[in-house]
Each structure stands twice: as structure tokens, then as C-alpha cells.
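Scroll down for the structure; my scribbles are underneath it.
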Amino acid sequence: MTSYPHLLSPLDLGHSTLRNRVIMGSMHTGLEDRVKHLPELAAYFAERAKGGVALSVTGGFAPHWRGWLLPFGSTMTSRRLADRHRLVTDAVHEHDGKIALQILHAGRYGYSPFKKGVSSIKSPITPFKVSPMSTREVDRTASDFAKSAVLARRAGYDGVEIMGSEGYLINQFLTARTNTRTDRWGGTAEKRMRFPIEVVRRTRELVGDDFIVQYRMSLLDLVDNAQSWEETVALAKALEAEGVDIINTGIGWHEARIPTIVTSVPRAAFAWVTAKLKAEIEVPLVASNRINTPDVAEEIIAAGQADLVSMARPLLADPHFVVKAAEGRADEINTCIACNQACLDHTFSNKRASCLVNPRACHETELVLLPTRQAMRVAVVGAGPAGLAAATELADRGHDVELFEAQDSIGGQFRLAMQIPGKEEFAETLRYYTVRLEKTGVKLHLNRRATVEELAEFDEVVLATGVEPRVPDLPGIDHPKVVTYQQVIDENAPVGERVAVMGAGGIGFDVSEFLLHDPYESLEHWNTRWGVTDPELERGGLTTKVLAPPRRQVTLLQRKSSSLGKGLGKTTGWVHRTTLKDSGVQMVPGVIYERIDDDGLHITVPGDGDTRESRVLEVDTVVLCTGQESVRDLVEPLEQAGVTVHVIGGADVAAELDAKRAITQATELAARL
Ligand code: NAP
Ligand code: SF4
């Protein structure tokens, strides 16, 4: 008896059957753009098929070079190219999985000066102008989609996904926001819909009836002047009539200023929109966005909100998600914490995607952890992300591992992170490691500061002793109103009404949020706060935000003259900046800190020309978020005792430490030892 009967039940599409209800949603990994990376792409998808995914969808492939995501980006435009993709499709089929090629024309979202789009309205998120297609070019582009689908079939794909959401070309045709055409492809809602209908019609005609045609449809645009719900339903019905097999849910254009996938978005936050469409059509529907556990996925399908779920990042985090759920080992799933740090932040910076909690993602052929031939006794000191990853991977390879932690629980900096409102998901990683420590047989010693003498008994020692908050050298730094971020989050240090936060890195932003707000109480609360509503009431599902008054008055400061929060994650930083701005946080760059006394924090800020102005921030509390220093006390004595020491994570380099670097470094070390 499984706990996930709905999730694990097959789905008959008529001409083919999906072995369960899990679709791996499209994610551009950076392995799609060059033919030389196809072996890595094949290994990546094979791993997910082996892990039980029913249908994987590739990253986007343009049907014409004018639709590139970026110059010389991925396309599916020739037989030669299609034949090379056999490597990918065969690898998936070997594990009884299915795979669909996503066909994506970027339109005005293309990061390319040669792009063609619906009209000449420039995209707010790319620097290049776009030239509108002629009437004939639109017609030819619809056929290009169909031709790409034929090539996908030749390549051995089981189907295609036509990308009609997230604000890419097809979506651009659908709204008056971006479609100002007056020919047969624009002017009225009916004419705006003509393009996607033609794409699907021509695709179905060319690929035949026994090939999966999935359409990713924007159900909630989350931008102004978007589709109405009536138009969305009309399009879904038209696509159903043209013979799509599956409709996938797309939420929000890339230019939308409502978060749709970051960790502070509640789980399954948009399943209600899929459910709303489900009442209107028969074709199998897929729910997506922030579905990251088998329980959430099961609930959605059991409740009849959707027929399938699409997950992309959760399958980067754990390729064996489905098999673990099916075998009653859901507690062993390495849950995606929706941080975006190694996946989408990489993709949008033109780097190969990976995963913060699973650095093997997209590196399956390079980061290989084989059973060891020579088991050693290894001590790992520090049970933060680096120590946990090192200890469990080493034990998994067959080493005899003991893990020493001075605190009474595991987690290190993650224990702090998970207490920030909207970062509760980080607790999942500690749940995962708790189970994994047990399964891999690591001997965990809590409340134990390892001594040089006991460490000297081991063959190898891994030091992951982490960091401690940096306390800057400043007059008055020992004033009672000064606290570190650690004291605020972990030790409940009292914080007054008026607060200055020194340091505007990730932690300065996090601490400000911690001081200003409680966690979201419910999905309704989150929707109200971000201004998301029923698309039947407002086009695109967009309404006015209703903001709760902040609990405190916070001033966030940095010495750099750049705008605050510039160094935060590419795809998440704007959410943090918006949250603090919405709470009235004063952001002050270019600060020189002078002193702290009973009056408050004395600073100077840039004035006119080269001058500086003195200011006193009359605050009750000053919170130090001024970076970290490595904790390395054991390095020297161990080296003097002749012990082989490997220093990883924050203990190695504290500057711009993050868990991505810590876990990757730990895993690479574990693969080597
Ligand atoms: P950080 O990003 O290095 O920020 C610390 C800031 O303190 C620096 O930007 C620096 O800015 C300031 N500072 C450094 N030394 C100082 C000194 N002696 N006196 C006064 N100010 C000083 O480090 P963090 O905020 O502690 O975060 C650590 C890491 O955790 C980040 O790199 C990030 O990867 C990760 N993290 C990320 C997030 C997120 O993205 N949401 C959240 C939490 C943590 P100025 O010199 O310009 O003032
Ligand atoms: Fe999920 Fe973060 Fe991994 Fe991306 S990097 S897959 S968001 S855990």
C-alpha cells in the first residue's frame, strides 16, 4: 500500500501511457546550447528517468534562430541536430521514461539583437530592441514550431511541449499588452489567439496522432493588460479541440513583479488556478510551481485540482524523488528549498545550472561518488551544511565517519536561515541530513567540541567549523544596544522599535525581514500581500497589494556606494528588495560608521560634491550583519600534530560564504578521499 496512490497511478493518454503523474518541468540547464554537451544532458535526464519520472521536458529549443533565448542558443532546426539528440532520448528510454522536447520561441524576451517578435514593444527585461514579424513571417513561424516537432520525433522524443507561457512569443501574441498588430494575428482577442491555435494545429497535422503534444499555457499572467479569464478558457478549449494531449500550467511572465517560485511563495500556491481551469476542460491538466514534496503533489491530484504535477527544481535536488516516494522512503528525499541559487540564478547568468543541495545536478558525469576501495576513519568537525554533506557522502562511499558538533543540534548557518520568515523550507535540508546521517551510519556527537588529541586518532580530518559574525572595530561597538545577527535570530536578543542594520548582504536583508514581519499565515495572506487575485475578477490576476504595517522602523546601511541588495541572487534579490521597500525600510549606501553611543549610531553619508554629511541615527538597537570570520582554531594544532586536515566551507573562506559553495566543496572532497 503506497501513501501516494494518486501520484503513482499511470495516466493513459490514448496513444501512450505515462507511468505516473510526475512530469519533470522544463528548465534551461545550459547543457542544451552546445552539441558537445549532449552526453551530459543525456546523463542528467537518464538519472531522472531512472529515478521514476514519467515524462521529462527539456529546456527550450527555438524553432528558428530568430527565436533564440541567447545568441547561438539551443535550436531544433535540422535533421543533423535531431539525430545527435538520439543520445538523450535513448538514455531516457533505457530507464522506461519518456521525454518531450520543449519548443520555445523567445520573441521579445530573446537576449539577442536579431530577435523578431509580435510588435515593436521592447521587453523590460532585455536590453535589445525587437522588430515585429511581417504577416508572412508569423505564418512561417507557426510552421517552424510544427517542423521542430517533426524533428523532435525523428530524434526519438516521445512528444513536444509548446511553450505558450511565461511571457515568451506565444504569450506575447495573446495580450494587448504586447500585441498591437492590426493584421490577422492581432486586433481582437480572437485574432490574438490565432497564432497558438495555428501552432498546435500544424504540429498535430505533421506529427500525427500518436505523439504527445503538450502545451504550456499561461493561466495567470500577473502583468497589466493581460489575458482575461474568459480568453484563457476559450484558448484552452480551442487547444483541446486541436488535439493537445496535456495542458501544463504557466504562472507569471518573467517581467511580472510578483514572486512565483521563490522560497517565500507558499507551497502549491497556484494549484487553485489549475483547478479553476480543470472545471472547464477534459484534457489532462498539470499543476506547477512550488510543489516540492510527494505529499503536496498527492494532495493536489487527490483533490482533483490537476491530473499531473510538474516539478523541475525538486528533481534537480533529488533525481530519485519518485522512486523514494514509491518505496516508502519519502523521508530520504532531498527537498528543493526554492533558493534558486544554483539553478535559475545560474541559468540567468549564462552559467550551467546545478543545485545548491545536490551539486551533482547537471554534473552527473563529472562529480561521481564511487564506493571506496580503501575505507578510512574520518572525523568531520562541524555539522553545518559543509560538514553534513562531507560526512554523509564519505560514509556513503564506505568510510567510517564520525561527526563532531559543539552545538546541541545540526545545521550551522541553516539553523539561522530557517528562522527567517519565508525561509522555513531550509528546515527540510536538516530533516534530510538527519535521516541521511542515520542511513549512512555516521556517528554523530552533539554538544562535543573535538580535541586535537581525539582527532589525531583518525586517518583524515575534515574541518567544517564554519564562521562567526564579524564584529567591526568601531568606538562604542560594545555598547549594550549593539547585537549580532546571531544573537537576534538564535538567542532572542531584545530588539527595540527603531533599528539600524549594519551591512546589507544576504544576512542584513534576512535580519531586516525577521525584524519586520511574522511568517505568512496562509495562502490568502500571501495573495493579499502581493496583490494576487482571481483572474476572473481582474485581468492577469493582478490587484492592489494590501500591506501589513511593519513591526519596526528599520534603517539598512552599507559602506559601498552601490544600490543596496545588488549582490543578492539574480532571480530572488528583487523580491527581498521589494519586501523591504514595501515595509518602509530606509536604505542608505555610502555610509562611513563613526561611533555608537546612547544617542544612537553616528555616521557620515555622501553630501554635495565631495562633501560628507554627519548624521545620528537615533536607534534603540544596532544589529551587526557585517559579514563573518572563519573559525579555524583547530587548523594549526592539528597540522602541528601531523594530522592531514581538509578545511572546507566557511572555515576555509568566510567571504561571501554560501551554502552552495560549502556543499559543493564538501561533495568534491568526499569524491576525492
Ligand atoms: P556579505 O554578503 O559578505 O555581507 C556582509 C556585508 O557587511 C558586506 O556586504 C559589507 O558591505 C559589510 N561589511 C563587511 N565587513 C565590514 C566591516 N568591517 N564593517 C562594516 N561593514 C562590513 O555577508 P552576509 O550578509 O553575512 O551573508 C553571507 C552569505 O550568506 C552571503 O554571501 C550569501 O551568499 C548568503 N546569504 C544569502 C542570502 C540571500 O541571498 N537572500 C541570505 C542570507 C545569506 P559594505 O562594506 O558595503 O558595508
Ligand atoms: Fe531547488 Fe535551490 Fe536546488 Fe534550485 S538550487 S533546485 S531552488 S534547492
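Whatever order the structure lists ligands and atoms in, that order sets their numbers, starting from 1. Everything quoted here is computed from the prediction, not taken from an experiment. Side chains included, hydrogens not; waters and symmetry mates left out as well; all remaining heavy atoms used.
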Name the residue from His479, Arg615, Lys481, Met502 that meets the side-chain contact (heavy atoms from CB on, under 4.5 Å) definition with Leu601. Met502

As an exercise, state the distance from CG of Leu315 to OG of Ser56, rounded to the nearest 0.5 Å. 7.5 Å

In this structure, CZ of Arg595 is separated from NE2 of His602 (nearest 0.5 Å) by 4.0 Å

Of the listed options [options], closest to [atom] (non-hydrogen atoms):
atom	options	value
atom 48 (O) of ligand 1	Arg559, Lys570, Lys660	Arg559
atom 1 (P) of ligand 1	Pro469, Ala659, Gly505	Gly505
atom 9 (O) of ligand 1	Lys560, Met502, Gln558	Lys560

Assess the residue pair Arg267 and Glu424 against the criterion (salt bridge (Lys or Arg N to Asp or Glu O under 4.0 Å)); give the C-alpha distance rounded to whole Å, side-chain angles, the decisive distance to 0.1 Å, and a yes or no. CA-CA 11 Å; Arg267 288 176 176 178; Glu424 296 80 7; over 6 Å; no

Spell out, as yes or no, whether a donor-acceptor pair under 3.5 Å connects the side chain of [X] to the backbone of [Y].
X	Y	answer
Glu161	Val57	no
Arg577	Gly565	yes
Asn358	Leu316	yes
Thr249	Val286	yes
Gln665	Gly649	yes
Asp318	Asn334	yes
Thr29	Leu31	yes

Residue and atom name of the nearest protein heavy atom (relative to [atom]), distance in Å to one decimal:
atom	value
atom 5 (S) of ligand 2	Leu356 N, 3.1 Å
atom 8 (S) of ligand 2	Ile337 N, 3.4 Å
atom 7 (S) of ligand 2	Asn340 N, 3.0 Å
atom 1 (Fe) of ligand 2	Cys336 SG, 2.4 Å

Give a yes or no on whether Cys343 keeps an N, O or S atom under 2.8 Å from atom 4 (Fe) of ligand 2. yes

Heavy-atom contacts under 4.0 Å between [X] and ligand 1: side chain, backbone, both, or neither?
X	answer
Glu629	neither
Arg470	side chain
Gln413	neither
Asp510	side chain

Taking atom NZ as the centre, does Lys545 end up with more than 12 heavy-atom neighbours from other residues, nucleotides or ligands that are less than 6.0 angstrom away? yes

Between Asn340 and Thr572: side-chain donor-acceptor atoms closer than 3.5 Å: no

Element-labelled atoms of ligand 1 that are located less than 4.0 Å from some non-hydrogen atom of [X]:
X	answer
Cys625	5 (C), 6 (C), 7 (O)
Pro472	18 (N), 19 (N)
Asp658	34 (O)
Tyr593	20 (C)

Under 4.0 Å from a heavy atom of [X]: give me the atoms of ligand 2 that qualify, with their elements.
X	value
Arg313	1 (Fe), 6 (S), 7 (S)
Ala342	5 (S)
Cys355	3 (Fe), 5 (S), 6 (S), 8 (S)
Ala338	1 (Fe), 7 (S)

Is Gly506 close to ligand 1, meaning an N/O of one under 3.5 Å from an N/O of the other? yes

Short N or O distance, Ala504 and ligand 1, threshold 3.5 Å exclusive: no

Give a yes/no verdict on whether any heavy atom in Arg661 is under 4.0 Å from an atom of ligand 1. no

Tell me whether atom 3 (Fe) of ligand 2 has Cys339 as a neighbour, meaning an N, O or S atom of it below 2.8 Å. no

Pick from Thr263, Asn292, Thr293, Thr335: which one makes a side chain to side chain donor-acceptor pair (under 3.5 Å) with Glu425? Asn292

